[in-house]
Amino acid sequence: MPLRALALKVSCNPIFIREKVLMASTTTTPNNRVLNATLRQRIMSADEAAALVRNGDHIGMSGFTGSGYPKEFPVALARRMDKAHQAGDPLRVGVFTGASTGPELDGALAAANGVEVRLPYQSDPAVRKRINDGDMEYVDIHLSHVAQYMEYGFLGKLNMAVIEVAAIYEDGRAIPSTSLGNNKSWLECADRIILEVNSWQSMELEGMHDIYYGMAAPPNRDPIPLTRAGQRMGSPYLHIPLDKVVAIIETHSPDRNTAFKEPDRASQQIAGNILEFLEWEVKKGRLPVDLLPLQSGVGNIANAVLFGLEQGKFHNLTAYTEVIQDGMIGLIKSGKMVSASATAFSLGPEMIKEVYGNLANYRKSIVLRGQDISNNPGVIRRLGVISMNGMLEADIYGNVNSTHVMGSKIMNGIGGSGDFARNAYLSIFMAPSNAAKGSISTIVPMVSHVDHTEHDTQILVTEKGLADLRGLSPKQRARLVIEKLAGDDYKPLLQDYFDRALKSGNGMHTPHMLNEAHSFHERYIKTGKMLA
């Protein structure tokens, strides 16, 4: 039976619909994932849809850490931009997403020099180069702020939303893709909507999402009714304003599934330091035996911590985080983790096969939410999240730089680390003590850019050790950071700086020598290494 007939005949129970659709999905083609008759009349090619874009449009696109982003439309738009630029037409747009996307979106549009402004987080090398070369404006804001900034009018008009979905029912309900990000807000705020219906995305995603439609604007905002990491409180569907839809593009394209590297020695040591600390916190009675909900940033060190938890003694773990990555799937599969809440997947090729091959089981444990909920400061504080994020550098007083290289070059962006660090029960930042084969020290006298102040960082970790900064004054912090975290080659330099600052600094609360505070960075820029 065709999917449209099924959707018209069965009840609105999402589980019932899912089971019936799945029985028919083995023979489906992309066409019968669009069940609304009106929308079927708006199916067109990606090139035809790209022709609807106007110079200066602000476009909200789906996508978060390489999952659930449109694949065909941005490539077609980049082709149009190339032709327009050759003809002297300055066709450029603003691109707003959930977070980083994939080469078909960020990479293609950056290569065409077609992005005037980008927000809120990116990780594409071509985008990074455009930003650092001054060819693209970049607005780096906390992920929890993006949706409400758009809804409040702080970001100007949203002219278009381009959202990937797995299917659209007759009544305008859509099965979301592998990320939610800001999709709900883009759909509500945009003047025009283009939907990419991607048949590569499994129909078994139906029921995994929890989309909260109860967030009113101040002063009429009520508390978010979420008290447990795995709790559901909203709809499993995106509600599509049908009158706004100007185009449907049918695709069959995979997400960007980047393989994680095997944890190196430093990552394993950092993970070991964190696990030992968590065990100590349980022993001291400051954490329950099954811990509190975990948040973990994306990356090899974060995965090493998760893999360490899989081998450890903790059970009945939960996660309240941004992304479901390989290590978290391992915890769920092993039975160590009972529920995980996020806004997107970020999985390697082998792990996506594992998840897609067993979605019916993983759907019981995983909830995907919009990032206005996954990163909501109030919920994070209420649940008591243990936050673990990477950093580029930290200074001796505990300020953290997670975005800029040598003070002025953007790396990726702050992402959601600030949402969690400020509000977490425990705020942990981690990195190897050295980078660039020892030419860069992660621990410096003063960070070259501040993303997380000393007031938001509790725990700093390198492979050398762990510094618990809670309740310490700045001078006490400095002594501990140098002793526990600095690399062997840099520890004497940092100690020398601190000792001289104690003697000659302008004030003794946070002793600094301003003429030398960035000497490590200046030396690297001049010589290619921070070592004297």
Do [X] and [Y] touch side chain to side chain, with heavy atoms closer than 4.5 Å?
| X | Y | answer |
| --- | --- | --- |
| Ile193 | Met160 | no |
| Met150 | Val146 | no |
| Ile59 | Trp186 | no |
| Ile459 | Phe277 | yes |
| Asp372 | Gln148 | no |
| Glu322 | Phe64 | yes |
| Thr403 | Asn412 | no |
| Val305 | Ser296 | no |

query = Within 45° of the axis and under 6.0 Å from the centre of the six-membered ring of Tyr362, does NZ or CZ of Lys364 qualify?
reply = no
With a 3.5 Å cut-off and no angle check, do the side chains of [X] and [Y] form a donor-acceptor pair?
| X | Y | value |
| --- | --- | --- |
| Thr101 | Asp106 | yes |
| Gln458 | Ser427 | no |
| Ser199 | His252 | yes |

Taking only Lys NZ, Arg NE, NH1 and NH2, and the carboxylate oxygens of Asp or Glu, determine whether [X] and [Y] approach each other closer than 4.0 Å.
| X | Y | result |
| --- | --- | --- |
| Asp210 | Arg369 | yes |
| Glu354 | Lys333 | yes |
| Glu281 | Arg470 | yes |
| Asp57 | Arg192 | yes |

Could you tell me whether the side chain of [X] and the main chain of [Y] form a donor-acceptor pair under 3.5 Å?
| X | Y | answer |
| --- | --- | --- |
| Gln122 | Gly413 | no |
| Arg40 | Val34 | yes |
| Arg80 | Ala50 | yes |
| Gln201 | Ser177 | no |
| Asn198 | Ala166 | no |

Got a second to check how far [X]'s [atom1] is from [Y]'s [atom2], nearest 0.5 Å?
| X | Y | atom1 | atom2 | result |
| --- | --- | --- | --- | --- |
| His452 | Leu460 | NE2 | CG | 11.0 Å |
| Met388 | Ile274 | CE | CD1 | 6.5 Å |
| Asn36 | Ile240 | CG | CD1 | 10.5 Å |
| Glu164 | Lys71 | CD | NZ | 3.5 Å |

task = Please name the residue in the list Ile386, Leu383, Val323, Val385 that meets the side chain to side chain contact (heavy atoms under 4.5 Å, CB included) test with Gln295.
result = Val385
More than 12 heavy atoms of other groups within 6.0 Å of Glu137 CD = no
ask   = Heavy-atom count around Arg422 CZ within 6.0 Å, excluding the residue itself: above 12?
value = no
request  = Test side chain to side chain donor-acceptor pair (under 3.5 Å) on Ser346 and Gln325 and set out the steps.
outcome  = CA-CA 5 Å; Ser346 182; Gln325 50 191 321; 5.8 Å; no
request  = Test side chain to side chain donor-acceptor pair (under 3.5 Å) on Thr97 and Arg118 and set out the steps.
outcome  = CA-CA 8 Å; Thr97 63; Arg118 177 76 170 86; 2.9 Å; yes
ask   = Parallel, tilted or perpendicular: which describes the rings of His404 and His449, with under 30° parallel and over 60° perpendicular?
value = parallel
inquiry  = Between Tyr237 and His209 (judged by ring centroids, cut-off 6.0 Å), do the two rings come close enough to count as a pair?
reply    = no
Sequence-distant partners of Asn316, side-chain hydrogen bond (donor to acceptor under 3.5 Å, both in side chains), two or more places apart = none
